[in-house]
Q: 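Please see the structure below; I have some questions.
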2 protein chains.
Amino acid sequence: MRKPTLHDVARAAGVSYATADRVLNARGGVAAKSEARVRAAIEALGYTRDVHAANLSRRRLYRFRFLLPDGDHSFFRALRAAVLAEAGARAGDRVRITLSEVPAFDAEALAEALERVEPEACDGLAIVASGSARVSAAIASLRAGGVAVVTLVSDAPGAARDAYVGIDNLVAGRTAGRLMRLGHTGRSGLVLPVVGARAAQDHAERLAGLEQSLAGAPGLALLPVAEAFDSPSRMRALVGAALAREPGISGIYSMGAGNRGLVEALRALGRPRPLVVLHELVPHAREALEAGLVDAVIDQKPVQEVAAALDILRALADGRPAPAGRARITPAIYLPENLPACPAGEEEDNDMMGGAA
Amino acid sequence: MRKPTLHDVARAAGVSYATADRVLNARGGVAAKSEARVRAAIEALGYTRDVHAANLSRRRLYRFRFLLPDGDHSFFRALRAAVLAEAGARAGDRVRITLSEVPAFDAEALAEALERVEPEACDGLAIVASGSARVSAAIASLRAGGVAVVTLVSDAPGAARDAYVGIDNLVAGRTAGRLMRLGHTGRSGLVLPVVGARAAQDHAERLAGLEQSLAGAPGLALLPVAEAFDSPSRMRALVGAALAREPGISGIYSMGAGNRGLVEALRALGRPRPLVVLHELVPHAREALEAGLVDAVIDQKPVQEVAAALDILRALADGRPAPAGRARITPAIYLPENLPACPAGEEEDNDMMGGAA
DNA sequence: CAGGAAATGATTGACGTCTGTCAAAACTGC
DNA sequence: GCAGTTTTGACAGACGTCAATCATTTCCTG
């Protein structure tokens, strides 16, 4: 009841090991009749190649590279931590991950970094994309050089990448809208939407989702969009002013970063606060949720995104099709009650002596 | 820039390969001084054992067995499907999974099945536990025989299993309570709690969570608990009657199965329906959510649970400690907007850490 | 310093696959 | 039946680790 080996297949097919191997690895030079026999034997025995042995023999090393935005935004910090954690966890898996930081929101810098990547020394690449013609060209050139390219968190509009791993921001926006509607059951309200930048594509999509959802709720009106540029201080000023100007605000949906300022403004508010929905379960958001200053956080699960990106890169590097459905991350909704046990950016203890991965 | 091998470690430590191997695999008979040198070299080189080569050499085969409730409850069907899917996905990973069904909610039958398991032919076991002394004894005996035992979805109260993989049902209940409160912002209400069976521990915990959460909401009152015994027809009758008797019902939290009946009762209702929260994103629940007959579904992510159970079983079989945090699943909240793309059964990943394959 | 125990080194054959080489065998066309 | 091509078989050396043997060297004890 042992797992069948290629030797078993060869014997069952009545051919030599070499021939079975030629079929399995498509080396060519095999008569159609023999090939059919081998394939039948593979089928009959339920043979699967032992990937461990194969990779061992091939001395395959997967060299992946992540180009992530620098800066101290909690979300990107969490993303980088997730990459490092996965790098540790997969060290035993013939996967070598290099993490470099590029200036955030800077398409030119990203393009430069992409152009510096040597296709011979890299099997796969994951980037948080900013769209630009030069970026698209760099991606195309890398792909032509045999490098798998995956966009993470934010997609490059025109670029022909292998896959986009991240949430559907339209869905995220609609989800926020649904939470708003839920919190306004039986009453009308006024919702303040706050983006990081109107120009950011993901924020625009979230906003569109929100609008779509609220279009189905007659009692809910939307205020003009506020732009906080992901800065806590601007956010604080902006939200403070809006709350003072419009006492009827019953909901705030913040689509970007800088929510520390939003929480401060809420804390300073003398009356019952509006319903608040944020993005990304970073430490501050978590605290605000636990403190009851925020109602819900929509999270794109960076750890899961990194894992999915790596699985896809690995599949592509092996010449397999990317695992279906792995790329599309469904945004998680966190309420104060269902927070995951450990703060974002969990540490994984990678044992060096331990056995299997 | 090659990955260091144990040979490299031995050379760096100034000992022979055999000695390095003795340290690595704790074979004993190594002087403390040499051991320290080897460990230092491991540290310095960042050596990690090549798990593929190791398992290849060991010709290790992980034989895991799942004992899951039979019957046609959608949830268990999804759970079984998840096991089969993982079995396929890990076939190349030296993991052989056997799935057997045992009569649902029958501690005696489970105990019998457990007693039939031969410890020599099984490295790990995952069961949906029903608590009983005989079950506990069988688990203890298996563990004594070197079999790792994990409870899945439902824990065995008194039993000394290696781990419980599943959600915290108290948390799930509190989460439902939060959704109820969110949907009752600015108004009072009357909530009908429905369990499968009052005796079921997980349902009792969910109910306790709900009560805890609603205790903090002055305007929300709880009706006496209804018991539907996981049967659609009973559920339909019971909820229909309650809705007729108590026109003021503004929320329903169903903690068990049989929700098809609940949805039918709602569909038959002539007036605006109450806020409805269910458990488990099975096909019916999904449809009801999409049709707007249900507001939220709390899901325990069976696919993720199975993956976590396997990771833990594997770690235990290797003699490693079970990966921390992997066992506790955070319940997911699904609204009509953030449903995963694929019907239940597809790959969905975990929150905490990436599993290397 | 002998005798014995402990520690170490050297070596070997798996494990299942990959990749290459070389020669033998089976075909093809004429 | 011959030369030329295609197909096949046999074999060997990796890959990194495991597990075992056997011969040495070093250390401790009396």
Side-chain angles (χ1 to χ4, degrees), chain A residues 2-39 41-42 45-62 91-96 318-319 351-357, chain B residues 2-39 41-42 45-62 91-96 317-319:
Chain A
R2 206 174 80 276
K3 201 183 157 199
T5 76
L6 195 49
H7 272 109
D8 301 327
V9 170
R11 199 169 332 111
V15 300
S16 72
Y17 178 88
T19 299
D21 173 71
R22 283 188 261 256
V23 172
L24 187 66
N25 294 330
R27 288 186 218 287
V30 177
K33 202 182 63 176
S34 302
E35 173 160 353
R37 297 242 305 271
V38 171
R39 294 214 180 280
I42 287 178
L45 297 186
Y47 168 80
T48 27
R49 152 203 264 128
D50 185 321
V51 198
H52 297 353
N55 279 345
L56 176 60
S57 162
R58 268 193 250 252
R59 103 196 66 170
R60 183 94 166 81
L61 182 66
Y62 301 90
D93 242 10
R94 321 193 84 74
V95 171
R96 178 175 324 281
D318 282 342
D351 46 314
M352 20 188 49
M353 318 305 265
Chain B
R2 204 175 81 276
K3 199 183 158 200
T5 75
L6 194 48
H7 273 109
D8 300 328
V9 170
R11 201 171 328 114
V15 300
S16 71
Y17 178 88
T19 300
D21 172 70
R22 283 190 261 256
V23 172
L24 187 66
N25 293 332
R27 289 186 217 285
V30 177
K33 202 181 64 178
S34 302
E35 173 162 353
R37 296 244 303 274
V38 171
R39 294 213 181 279
I42 287 177
L45 297 186
Y47 168 78
T48 20
R49 153 203 264 132
D50 186 317
V51 198
H52 298 352
N55 278 344
L56 176 60
S57 165
R58 266 192 254 250
R59 102 197 68 172
R60 183 102 169 75
L61 182 66
Y62 301 89
D93 243 10
R94 321 191 86 74
V95 172
R96 179 177 319 282
D318 283 341

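On a predicted model such as this, the values are computed, not experimentally measured, just so you know. In what follows, chains are A, B, ... by sequence order, proteins preceding strands, each numbered from 1.
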Q: Taking only residues two or more places apart in sequence, or in another chain, which ones meet B:Tyr17 in a ring-ring contact (aromatic ring centres under 6.0 Å, His included)?
A: B:His7

Q: Please list, chain by chain and in numerical order, all residues satisfying side-chain contact (heavy atoms from CB on, under 4.5 Å) with B:Leu56, sequence neighbours excluded.
A: A:Asp50, A:Ala53, A:Leu56

Q: Counting primed atoms plus P, OP1 and OP2 as sugar-phosphate and everything else as base, spell out the protein contacts along nucleotides 10-23 of chain C at 4.0 Å heavy-atom distance: B, S or - for each nucleotide, 5' to 3'.
A: B---BBBBBB----

Q: Among residues at least two apart in sequence or on other chains, which ones pass side-chain contact (heavy atoms from CB on, under 4.5 Å) with A:Ala12?
A: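 Expected list: A:Ala41, A:Leu45.
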
Q: Dump the intermediate steps for side chain to side chain contact (heavy atoms under 4.5 Å, CB included) on A:His52 and B:Val51, then the final yes or no.
A: CA-CA 8 Å; A:His52 297 353; B:Val51 198; over 6 Å; no

Q: For A:Arg39, which residues count as a side-chain hydrogen bond (donor to acceptor under 3.5 Å, both in side chains) partner, sequence neighbours excluded?
A: A:Glu35

Q: Show me the pairs that pass salt bridge (charged side-chain N to carboxylate O under 4.0 Å, His left out) and involve residues 6-20 of chain A, at least two apart or across chains.
A: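 Qualifying pairs, neighbours excluded: A:Arg2-A:Asp8, A:Asp8-A:Arg11.
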
Q: Return the set of residues passing side-chain contact (heavy atoms from CB on, under 4.5 Å) with A:Arg27 (not counting sequence neighbours), or none when no residue passes.
A: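 Once residues adjacent in sequence are excluded, the partners of A:Arg27 under the side-chain contact (heavy atoms from CB on, under 4.5 Å) criterion are A:Asp21, A:Arg22, A:Asn25.
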
Q: Tell me, please, the opening and closing nucleotides of DNA chain D, 5' to 3', among those with an atom under 4.0 angstrom from a non-hydrogen atom of chain A.
A: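 Range of nucleotides touched by chain A: D:dT7 to D:dG16.
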
